[in-house]
Amino acid sequence: ADLSAIFTIHGFCARVLSEYALDSGHRLDGPELVTNLRPLHAEVAADLWRVLAQDADQVAVLTTLWSNHEQLAADLPALLGEEPLFPQQPEGALPALAPAQQALADASVALQQAIAAHADDFEQALQVAVENKWLNGNSYKAGWISDLFAQYRRWDGQGPLHEKSANLLPETLTARTSKAAAGKTPSSPLQAPLQDWVQAQTTLETVLRIRSIALLHQLRTQARERVAHLKSQRRLQTYDDLIENLARALEGPRGQVLVAQLRQQYAIALVDEFQDTDPRQWAIFSRVFGDSAQVQAAGQGPALFLIGDPKQAIYGFRGGDVHTYLQARQQAQVALVLDHNFRSRPCVLTAIDALYAQ
């Protein structure tokens, strides 16, 4: 046991890629291992921002997601991750942005004119309805009605309207008029242009949302390509690259040879804290030491032991993947289970209870 090779998973991958560089498709002088890709992400984000800024429609969509390229750079690690990106890429042609923007601009002008002409009368009618309790008292209060119309009079046609603007639309007012006050629902010529503005705003938000989803997928693809190109050009690799490069090597044309060589060097593999492994790590160990086709072709049998706690497999923030754990458990034979939990001995629990009781 004292002569056993003990590695972290990343250390094992680095060792294999170095010792079997030719069979894993890598150079003998491996790339530099880096732990911080922030400078590279900042460079890629600035480059993508410059490219997208050449298209006015793309700029309008891009700035709904990030204010500047520094914010984009900060989000690149998550965007470049392996997790699926949802919502999925929209199908078909993307809705045009310019007509939706123009429709909102036209609706804003019409609404400004209606506010100037009818806001005073409409506000007074609403306040009378509130005072006489013709309208639902939980939905309509004198205070926010005054605030709303004050904001309307300051509004320059840009930006949002008061958050309760939808309460002024005919259908909403009618639905919230008491039965005893039927026929006394306040109305105004201001409502029609307000309805048009709300519809135009909703349409623009829908177009921006669809185009934002498409842009995110486009950015993910382009950012991955640029980061990979720069890492290859500058001969850099990260800890995640160690896992990915070995997994790809085992899946490649020399994968069978590499499995055979590793099984000659390592007769048995034991993975501790297995609940913290991810799908690519499991793919490596199951292919080399599990009951895989490559192992069978090498004339070997499975020689893989896994030690893990299923209750900790849900901790995704530290790399755990419950689906990987369940997949491995379906293939594995349960060998030994601890019959005592020494972390939860009665005296320890009593001491903790006494501490927190203070």
Side-chain angles (χ1 to χ4, degrees), residues 1-26 30 33 35 81-82 237-252 254-345 348:
D2 293 340
L3 300 179
S4 299
I6 301 176
F7 307 100
T8 64
I9 292 179
H10 292 94
F12 172 76
C13 294
R15 180 78 170 267
V16 173
L17 293 172
S18 174
E19 292 184 351
Y20 301 97
L22 297 180
D23 288 321
S24 61
H26 292 77
L33 185 62
T35 59
E82 293 299 322
Q237 66 177 349
T238 65
Y239 284 104
D240 288 341
D241 291 330
L242 295 173
I243 304 292
E244 186 63 28
N245 290 340
L246 181 54
R248 288 181 179 177
L250 291 168
E251 296 166 357
R254 298 285 294 174
Q256 181 63 62
V257 174
L258 187 55
V259 168
Q261 291 175 326
L262 290 173
R263 287 305 300 270
Q264 289 180 357
Q265 183 175 1
Y266 304 105
I268 295 174
L270 184 152
V271 182
D272 194 15
E273 301 289 357
F274 176 75
Q275 75 276 351
D276 292 339
T277 56
D278 61 32
R280 295 304 271 167
Q281 294 170 355
W282 168 238
I284 291 171
F285 288 105
S286 62
R287 192 179 295 269
V288 178
F289 299 103
D291 192 18
S292 67
Q294 287 86 345
V295 169
Q296 296 172 9
Q300 301 280 349
L304 178 61
F305 295 87
L306 310 175
I307 302 173
D309 179 1
K311 294 183 177 65
Q312 297 183 52
I314 62 173
Y315 297 146
F317 67 89
R318 72 179 192 195
D321 187 308
V322 67
H323 302 292
T324 298
Y325 184 93
L326 294 175
Q327 180 184 0
R329 180 166 182 168
Q330 289 175 354
Q331 302 176 33
Q333 297 179 358
V334 178
L336 297 172
V337 177
L338 291 176
D339 57 359
H340 287 85
N341 181 350
F342 292 96
R343 295 179 179 179
S344 301
R345 300 186 70 177
V348 176

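Everything quoted here is computed from the prediction, not taken from an experiment.
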> Measuring from Leu258:CG to Gln256:CD, what's the distance to the nearest 0.5 Å?
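With rounding to 0.5 Å, CG (Leu258) is 10.0 Å from CD (Gln256).
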
> Given side chains that start at C-beta, do those of Val295 and Val259 come closer than 4.5 Å, heavy atoms only?
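Contact flag for Val295/Val259 side chains = yes.
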
> In chain order, what residues pass the ring-ring contact (aromatic ring centres under 6.0 Å, His included) check against Tyr239, with sequence neighbours excluded?
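Tyr239 satisfies ring-ring contact (aromatic ring centres under 6.0 Å, His included) with His10 only.
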
> Answer yes or no: is there a donor N or O on one side and an acceptor on the other, between the side chain of Arg263 and the main chain of Gly299, under 3.5 Å?
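Flag not set: sc Arg263 to bb Gly299 has no pair under 3.5 Å.
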
> Taking the side chain from Ser24 and the backbone from Tyr20, do they hold a donor-acceptor pair closer than 3.5 Å?
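Present.
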
> Taking side chain to side chain donor-acceptor pair (under 3.5 Å) as the test, write out the residues that go with Arg329, two or more places apart.
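Not a single residue meets the side chain to side chain donor-acceptor pair (under 3.5 Å) criterion with Arg329.
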
> Please, which pairs that meet ring pair (Phe, Tyr, Trp, His ring centres under 6.0 Å) have at least one residue in residues 268-296, sequence neighbours excluded?
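Every ring pair (Phe, Tyr, Trp, His ring centres under 6.0 Å) pair that includes a residue of residues 268-296, provided the two are not neighbours, is Phe12-Phe285, Phe274-Trp282.
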
> Between atom CD1 of Ile243 and atom CZ of Arg280, what is the distance when rounded to the nearest 0.5 Å?
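The distance works out to 10.0 Å.
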
> Among all residues two or more places apart in sequence or in another chain, which pass the salt bridge (charged side-chain N to carboxylate O under 4.0 Å, His left out) test with Arg248?
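Partners of Arg248 by the salt bridge (charged side-chain N to carboxylate O under 4.0 Å, His left out) criterion, ordered by chain and then number, come out as Glu244.
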
> Going by heavy atoms in the side chains, are Cys13 and Ile284 under 4.5 Å from each other?
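Cys13 reaches Ile284 side chain to side chain.
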
> Could you state the interatomic distance from CZ (Arg287) to CD (Gln294), rounded to the nearest 0.5 Å?
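It comes to 4.5 Å.
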
> Would a 4.5 Å heavy-atom cut-off, applied to side chains only, mark Leu242 and Ile9 as touching?
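Not in contact.
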
> Mind checking what makes side chain to side chain donor-acceptor pair (under 3.5 Å) contact with Gln296, not counting sequence neighbours?
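Only Asp291 meet the side chain to side chain donor-acceptor pair (under 3.5 Å) criterion with Gln296.
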
> Can Phe305 and Ile268 be said to form a side chain to side chain contact (heavy atoms under 4.5 Å, CB included), step by step?
CA-CA 8 Å; Phe305 295 87; Ile268 295 174; 3.6 Å; yes

> Between Val16 and Leu262, does a side chain to side chain contact (heavy atoms under 4.5 Å, CB included) hold up when you go through it step by step?
CA-CA 8 Å; Val16 173; Leu262 290 173; 3.7 Å; yes

> Could you tell me if Glu19 and Gln265 have a donor-acceptor pair between their side chains, going purely by distance under 3.5 Å?
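A pair is found: one side chain offers a donor N or O, the other an acceptor, under 3.5 Å apart.
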
> May I ask you to test the Leu246-Leu250 pair for a side-chain heavy-atom distance under 4.5 Å?
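Result yes, sub-4.5 Å side-chain heavy-atom pair found.
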
> Checking Ser292 now: which residues fulfil side chain to side chain donor-acceptor pair (under 3.5 Å) with it, not counting sequence neighbours?
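Once residues adjacent in sequence are excluded, Ser292 has no partner under the side chain to side chain donor-acceptor pair (under 3.5 Å) criterion.
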
> Taking the side chain as every heavy atom from C-beta outward, state whether Ile307 and Glu273 have any pair of such atoms under 4.5 Å apart.
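The answer is no; the side chains never approach within 4.5 Å.
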
> State, yes or no, whether a side-chain contact exists between Asp272 and Leu306 at a heavy-atom distance under 4.5 Å.
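When only atoms from C-beta onward are counted, Leu306 and Asp272 do not touch, as no gap falls below 4.5 Å.
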
